[in-house]
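We count ligands from 1, going down the list as the structure has it; atoms in each ligand are counted the same way. For the numbers below, each heavy atom of this structure counts, side chains included, while hydrogens, waters and symmetry mates do not.
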Amino acid sequence: MDRGDLFVVSAPSGAGKTTLCSMLVNEIDNIVFSVSHTTRPPRPGEVDGKDYHFVSEQEFERLVAEDAFLEWARVHGNFYGTHRGQVMEKLAQGLDVILDIDVQGAKQVKKKLPAAITIFILPPSWHVLEERLRKRGSEDADKIKLRLQNAMKEIEEVTNYHYTVVNDELHEAFLELKTIVLAERSKTRRVLANKVDLSALKPGPDSWFLS
Ligand code: ADP
Ligand code: 5GP
């Protein structure tokens, strides 16, 4: 079994990254979501250990000091980090792993794991981004403004990503994201490692071709 691929997905807050990544994990086999650690308080409905590992700043600092994170960053005033051990274990099992991380984290991952496949999700317009953040209703007006302020800088990073998906109509965007993952799985290296044995693709002694 070959190692899995690492997919890094970034987007300005509200573009629909969480929605699209959940659809992907639900619909495709052998791809798992990396559950980050964060100091942000949980939103209503978010489950500890499923959406995030919600930790105190003290616990987060302890993990940083232990060098437990593949990457970590301060985003919109809170700390977020990807646990290295959890990701490496899944990749070694042959599973594909999705990291839903910000642009600072993506840069760190690219340096450490250059084979990572990077995908940026864009909203169709600024107006739609504002509307989605406001309608989601998970942050107050000041926090939404901070996220939009950061969005301007984040969007400039799109050119550093391998793929871009514009999330206008949800199912179309999902199809594009799914196509990217399936295309990466059809790379010759992966097909030869997982799906087909070239030595079995030669005529054997009982082959009609040789008779
Ligand atoms: P992110 O994880 O990028 O911050 P979310 O996945 O939470 O974004 O999406 C932000 C909001 O927009 C959510 O309320 C979600 O239901 C909604 N949303 C996501 N994609 C679409 C879409 N294509 N059309 C309309 N609403 C969407
Ligand atoms: P939210 O608070 O809306 O869940 O996430 C805010 C931002 O933090 C998003 O851009 C999300 O991708 C990013 N984020 C989530 N987990 C991580 C992580 O482990 N590392 C980094 N660098 N960013 C993360």
Side-chain angles (χ1 to χ4, degrees), residues 6-26 33-55 59-60 63-64 68-87 97-113 116 118-140 143-155 157-158 161 164-178:
L6 184 62
F7 292 91
V8 174
V9 182
S10 302
S13 182
K17 173 170 42 67
T18 309
T19 308
L20 286 166
C21 289
S22 318
M23 290 168 81
L24 200 60
V25 170
N26 288 336
F33 187 68
S34 158
V35 180
S36 296
H37 286 67
T38 185
T39 59
R40 160 168 88 59
R43 293 179 185 141
E46 281 185 332
V47 177
D48 188 32
K50 179 174 170 276
D51 298 291
Y52 280 105
H53 298 288
F54 294 100
V55 294
E59 173 66 358
F60 196 93
L63 290 164
V64 170
F69 291 128
L70 173 63
E71 64 72 36
W72 66 273
R74 186 164 189 202
V75 192
H76 316 315
N78 295 298
F79 292 101
Y80 296 81
T82 303
H83 198 279
R84 181 189 288 107
Q86 290 173 10
V87 172
V97 178
I98 311 184
L99 304 185
D100 164 347
I101 61 176
D102 88 312
V103 295
Q104 308 169 72
K107 276 187 190 157
Q108 297 173 47
V109 172
K110 267 174 72 174
K111 262 197 199 147
K112 290 181 184 162
L113 302 171
T118 56
I119 305 169
F120 203 90
I121 313 281
L122 280 175
S125 69
W126 183 263
H127 175 73
V128 166
L129 184 65
E130 283 186 4
E131 284 295 297
R132 285 188 189 158
L133 270 178
R134 291 176 57 210
K135 279 198 191 140
R136 187 171 70 185
S138 50
E139 283 84 17
D140 62 28
K143 292 217 170 97
I144 291 179
K145 282 196 177 148
L146 175 63
R147 282 172 182 247
L148 288 168
Q149 179 76 36
N150 293 338
M152 291 191 277
K153 274 257 160 272
E154 288 165 345
I155 289 170
E157 296 292 326
V158 63
Y161 284 67
T164 302
V165 172
V166 178
N167 180 20
D168 189 355
E169 203 285 307
L170 184 63
H171 282 89
E172 240 170 67
F174 172 61
L175 193 62
E176 283 176 29
L177 186 60
K178 183 172 149 185

shortest atom 16 (O) of ligand 1-to-protein heavy-atom contact is with Thr19 OG1, 4.1 Å
If we set the cut-off at 4.0 Å for heavy atoms, which region of Asp100 has an atom near ligand 1: side chain, backbone, both, or neither? neither
I need the contact type for Arg147 against ligand 2. Using non-hydrogen atoms and a strict under-4.0 Å cut-off, is it side chain, backbone, both or neither? side chain
Among protein heavy atoms, which lies nearest atom 22 (C) of ligand 1, and at what distance? Arg132 NH2, 3.3 Å
At under 4.0 Å between heavy atoms, which part of Val75 makes contact with ligand 2: side chain, backbone, both or neither? side chain
Atoms of ligand 2 under 4.0 Å from any heavy atom of Ala73, numbered from 1 in the order shown, are 22 (N)
Between ligand 2 and Lys17, can you find any atom pair, the residue atom being a heavy atom, that is separated by under 4.0 Å? yes
among protein heavy atoms, the one nearest atom 10 (C) of ligand 1 is Gly14 O, 3.6 Å
Out of all atoms in ligand 1, which are within 4.0 Å of some heavy atom of Gly16? Include the element for each. 1 (P), 3 (O), 5 (P), 6 (O), 8 (O), 9 (O), 19 (C)
Per-residue contact class, His37 against ligand 2 - non-hydrogen pairs under 4.0 Å: neither
Give the residue, atom name and distance (to 0.1 Å) of the protein heavy atom nearest atom 7 (O) of ligand 1. Arg136 NH1, 2.8 Å
Evaluate Arg136 for polar contact with ligand 2, using N/O atom pairs at a separation under 3.5 Å. no
In ligand 2, the atoms that come under 4.0 Å of a heavy atom of Gly105 are 22 (N)
Record the part of Arg43 in heavy-atom contact with ligand 2 below 4.0 Å; permitted values are side chain, backbone, both and neither. side chain
Considering heavy atoms of the protein only, find what lies nearest to atom 12 (O) of ligand 2 and give residue, atom and distance to 0.1 Å. Asp100 OD1, 2.7 Å
Going through the checks in order, is the side chain to side chain donor-acceptor pair (under 3.5 Å) test met by His76 and Asn150? CA-CA 8 Å; His76 316 315; Asn150 293 338; 2.8 Å; yes
Distance under 4.0 Å to a non-hydrogen atom of Thr18: what atoms of ligand 1 satisfy this? 1 (P), 2 (O), 6 (O)
Backbone, side chain, both or neither: what part of Arg40 comes under 4.0 angstrom of ligand 2, heavy atoms only? side chain
What protein heavy atom sits nearest atom 20 (N) of ligand 1, and how far away is it? Asn167 ND2, 3.0 Å
Report yes if Tyr80 has an N/O atom closer than 3.5 Å to an N/O atom of ligand 2; otherwise report no. yes
Would His76 count as being in polar contact with ligand 2, using the rule that some N or O on each side must be under 3.5 angstrom apart? no
Going through the checks in order, is the side chain to side chain contact (heavy atoms under 4.5 Å, CB included) test met by Phe79 and Trp72? CA-CA 7 Å; Phe79 292 101; Trp72 66 273; 3.8 Å; yes
Numbering the atoms of ligand 1 from 1, which are under 4.0 Å from a heavy atom of Asp168? 22 (C), 23 (N), 24 (N)
Which ligand 1 atoms does Lys17 reach within 4.0 Å, using its non-hydrogen atoms? 1 (P), 2 (O), 3 (O), 6 (O), 8 (O)
Flag side-chain contact, heavy atom, 4.5 Å: Tyr80 against Phe69: no
Does Glu46 reach ligand 2 with a nitrogen or oxygen that is under 3.5 Å from one of the ligand's nitrogen or oxygen atoms? no
Compare every heavy atom of Tyr161 with every heavy atom of Ala106, then report the nearest pair and how far apart it is. CB-OH, 3.1 Å
